[in-house]
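Note: hydrogens, waters and symmetry copies are ignored here, and every other heavy atom, side chains too, is used. Reminder, nothing fancy here: chain letters follow the sequence lines and each chain counts from 1.
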2 protein chains.
Amino acid sequence: MTKPRPKISKATVTRLAFYLRELQQMQRSGLANIQSKAIAERLGLNDSQVRRDISCLGTVGQRGVGYRVQELIESIQRVLGTDRTWNVILVGVGNLGRALSGYRGFEQQGFHLVGAFDSDSKKIGTSIGSLEIQRLDDLSSFCQSHQIDLAILAVPADAAQGVVREIENAGIPGILNFAPIAVQATSKRTIIQEVDLAIELQRLAFGVVPKAQ
Amino acid sequence: MTKPRPKISKATVTRLAFYLRELQQMQRSGLANIQSKAIAERLGLNDSQVRRDISCLGTVGQRGVGYRVQELIESIQRVLGTDRTWNVILVGVGNLGRALSGYRGFEQQGFHLVGAFDSDSKKIGTSIGSLEIQRLDDLSSFCQSHQIDLAILAVPADAAQGVVREIENAGIPGILNFAPIAVQATSKRTIIQEVDLAIELQRLAFGVVPKAQ
DNA sequence: TAGATTGTTAATCGATTAACAATC
DNA sequence: TAGATTGTTAATCGATTAACAATC
C-alpha cells in the first residue's frame, strides 16, 4: 500500500534541487526551521509555488510554523534519489573532463566517481585524481564488475554518438552529456541529460542584450 | 522604423541555442538546407515548435524547401547577441574556474576570456592559459580600462554574494554563477544565470530512479 | 486564544501542438 | 503542375499564482 509517487514535472525537480542546495546552506549555518516565503525570497520565486513543489514530497510542514530543515532535506533527497551513493564514470578525459573529475560538488551530493575512460592511448594508465585512466574498450568489462549508475560524457562532438552506444551496451541507464551535439539513445530507457556551458553563456548574453538597446 | 523585437520566452531562447549548435554541426558537414522536421527529430522536439521558435527570428524559410542553414545560423546569433565578441572575465580560479578557463566551447561561440581574478595571494601573478591571475581588488580598475560584458563566477559559496557586489560595482551587466548558492543582485539590471553541475546530475538521477522501481 | 503559515482549490497565464491555408 | 514545407491560427495542455479555509 505504498502511496503512488505523484507526477513531478521536470521544472519542479529542478527547483527541488535548488531548494535542497539552499536548505543545506541553511543547515550549515544552524537554521532548524524555514518557511515557504523565506525559501521563495532567496530564490526569487513565488511562495505558492514553493509550497506546491514541497507538497509533492509527501512530507508536511507545520501550519503557523513552517518546515523542519532537516526533514525537508531528507525528503527532497529521497525524491531525487540522492539519499544513497551513485556510482559514476567519466568518459573522455580532455580539458573539460579533467576539470569535472576534480569538482567537489559531485561527491558532496552523493555522486562517487569510480572510473575514467579515454580512447587516447597516450593517456591510458596515467592518473586523474585518485583514478587511473582506462581504455574506452575496457568500459564494458569494467561495468560487469562494478555497478555503475551514471556516465559523464565529455568527448568531442564527432565521437559522442558512438560512445553513447558503448555506454548503453554497458548497461548504464543515465548519461550526462557535455559533448556539444545532440546524441540519440538506442534504448528508450536510457536517460540523457544535456549540459552545455557555452549555451548557458548564450542564455545569459540574450538576457543582457536588450539592456544595451 | 525598426521592427520591435518579438517577445521571446526563455524556453525558446534555450532551444534556439540548441538549434544553433546543431546547425553549426550541419554546416561543418556541408549541409546547405534544412527542414523544421529534421531539426525537430535531431533534438527530439515537435516540428511545429521548431517553426514557431524560428518565426521569432524574422528570417523566413522557403515553403516546400526549408531553411538555409547559413541564414538560420546568422539570425539565431543575431537574436542571441552572439554575432559579435563578448569580453568575459573569470572570477575565482579554483578547480572549476581553472577548468572553465580552458574550455574551448566559449571561444567558439564568441566569448573571449580577457581576465582572471582570485583573492588567494598565492595565486596572484601565476598564469592560467595565456592570462595572469590578478587580485580581486584590482577588478574594478581593470574594468575601467577594458569593456567587460560578462563575468563567470566560480568562487566558494560563502564568498559568492560579496563578489557579486564587486562585479556589479565594476559595471558588468551579466554573471554566470557557478557558486553553489543563490546570490542576489543589487541592481535590477544585473542578469544572473545559475549553473550547477551537481544539480544537473540530480536531475538525471531523478530521471533514472523510476526505472529501478 | 490570536497570529501565522500551510495545503489546496480555482483562476489565470503561458507554452505546446495539431491542423491547414498559403506558397515555393 | 504536383508535392512538399512553411507560417500561423485555434485548440489543447500544463504550469503558475492568488486566495483562503484549515490548523498549528
Side-chain angles (χ1 to χ4, degrees), chain A residues 3-19 22-23 26 31-76 79 203 206-207, chain B residues 3-19 22-23 26 31-76 79 203 206-207:
Chain A
K3 206 191 287 178
R5 190 199 265 215
K7 184 99 173 72
I8 304 183
S9 75
K10 282 184 188 173
T12 294
V13 168
T14 304
R15 283 192 301 268
L16 285 173
F18 277 101
Y19 303 163
E22 296 307 308
L23 290 163
M26 290 168 181
L31 205 68
N33 281 283
I34 190 73
Q35 293 74 40
S36 59
K37 190 149 175 282
I39 298 175
E41 270 168 15
R42 252 176 105 137
L43 289 162
L45 301 172
N46 181 293
D47 57 318
S48 273
Q49 182 163 64
V50 172
R51 289 197 296 280
R52 174 162 278 244
D53 287 339
I54 290 175
S55 76
C56 296
L57 302 174
T59 309
V60 292
Q62 232 188 337
R63 293 176 200 227
V65 181
Y67 306 90
R68 296 197 39 219
V69 172
Q70 173 64 26
E71 208 176 312
L72 267 192
I73 288 176
E74 284 169 8
S75 50
I76 293 176
V79 163
R203 294 168 64 183
F206 175 83
Chain B
K3 207 191 287 182
R5 189 200 266 215
K7 184 96 173 72
I8 304 183
S9 75
K10 281 182 189 174
T12 295
V13 168
T14 304
R15 283 193 300 267
L16 285 172
F18 277 101
Y19 302 163
E22 295 308 308
L23 291 163
M26 290 168 180
L31 204 68
N33 281 283
I34 191 73
Q35 293 75 40
S36 59
K37 189 148 176 281
I39 297 175
E41 269 168 16
R42 253 176 104 137
L43 289 161
L45 302 172
N46 181 295
D47 58 318
S48 274
Q49 182 164 62
V50 172
R51 289 197 297 279
R52 173 162 278 244
D53 287 339
I54 290 175
S55 76
C56 296
L57 302 174
T59 309
V60 292
Q62 231 187 340
R63 293 176 199 227
V65 180
Y67 304 91
R68 297 197 37 219
V69 172
Q70 173 64 26
E71 208 174 313
L72 267 192
I73 288 176
E74 284 169 7
S75 51
I76 293 176
V79 163
R203 293 168 64 184
F206 175 82

Inset, instruction - Using a heavy-atom cut-off of under 4.0 Å over every strand shown, decide if A:T12 touches base, sugar-phosphate, or nothing. - result: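 No contact at all - A:T12 keeps every heavy atom at 4.0 Å or more from the nucleic acid.
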Legend entry - B:Q62 side-chain proximity, nearest of C:dC24, D:dT6, C:dT16: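 Looking only at side-chain atoms, B:Q62 lies closest to C:dC24.
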For [X] and [N], what is the distance between atoms [atom1] and [atom2] respectively, to the nearest whole Å?
| X | N | atom1 | atom2 | answer |
| --- | --- | --- | --- | --- |
| B:L57 | D:dG7 | CG | C1' | 13 Å |
| B:L72 | D:dG7 | CG | C1' | 14 Å |
| B:N33 | D:dT5 | CG | C1' | 12 Å |
| A:I54 | C:dG7 | CD1 | P | 8 Å |
| A:K10 | D:dC13 | NZ | P | 19 Å |
| B:R51 | C:dT17 | CZ | P | 12 Å |
| A:K37 | C:dA4 | NZ | C1' | 11 Å |
| B:N46 | D:dG14 | CG | P | 14 Å |

Could you grab the distance from atom [atom1] of [X] to atom [atom2] of [Y], nearest 0.5 Å is fine?
| X | Y | atom1 | atom2 | answer |
| --- | --- | --- | --- | --- |
| A:I76 | A:E71 | CD1 | CD | 11.5 Å |
| B:R15 | B:C56 | CZ | SG | 9.0 Å |
| B:N46 | B:R51 | CG | CZ | 8.0 Å |

So, does [X] get its side chain near the phosphate of [N], meaning an N or O under 4.0 Å from OP1 or OP2?
| X | N | answer |
| --- | --- | --- |
| A:S48 | D:dT16 | no |
| A:R52 | C:dT6 | no |
| B:Q49 | C:dT16 | yes |
| A:Y67 | C:dG7 | yes |

Inset, instruction - May I ask you to check whether B:Y19 and B:D53 show a side-chain donor-acceptor distance below 3.5 Å? - result: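 Yes, B:D53 and B:Y19 have a side-chain donor paired with an acceptor closer than 3.5 Å.
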Legend entry - Distance-only donor-acceptor check, side chains A:D47 and A:S36, under 3.5 Å: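 No, no side-chain donor-acceptor contact under 3.5 Å.
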Legend entry - hbond_proxy B:S9 side chain to C:dA15 base (donor-acceptor, 3.5 Å cutoff):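 No.
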Inset, instruction - Examine the base of C:dT6 for any acceptor or donor lying under 3.5 Å from a partner atom in the side chain of A:R63, and report the outcome as yes or no. - result: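 Between C:dT6 and A:R63, which were checked side chain against base, a qualifying N/O pair under 3.5 Å is present.
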Inset, instruction - Go ahead and name the base partner of D:dG14; Watson-Crick or wobble counts if both distances stay under 3.5 Å, otherwise write none. - result: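 Partner of D:dG14: C:dC13.
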Inset, instruction - Tell which nucleotide pairs with C:dG7, taking only Watson-Crick or G-U wobble pairs whose two distances are both under 3.5 angstrom. - result: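 Its partner is D:dC20.
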Inset, instruction - Assign each of A:L45 and A:V65 to its nearest nucleotide of DNA chain D by heavy atoms, then name whichever residue's nucleotide is nearer the 5' end. - result: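 The residue mapped nearer the 5' terminus is A:L45.
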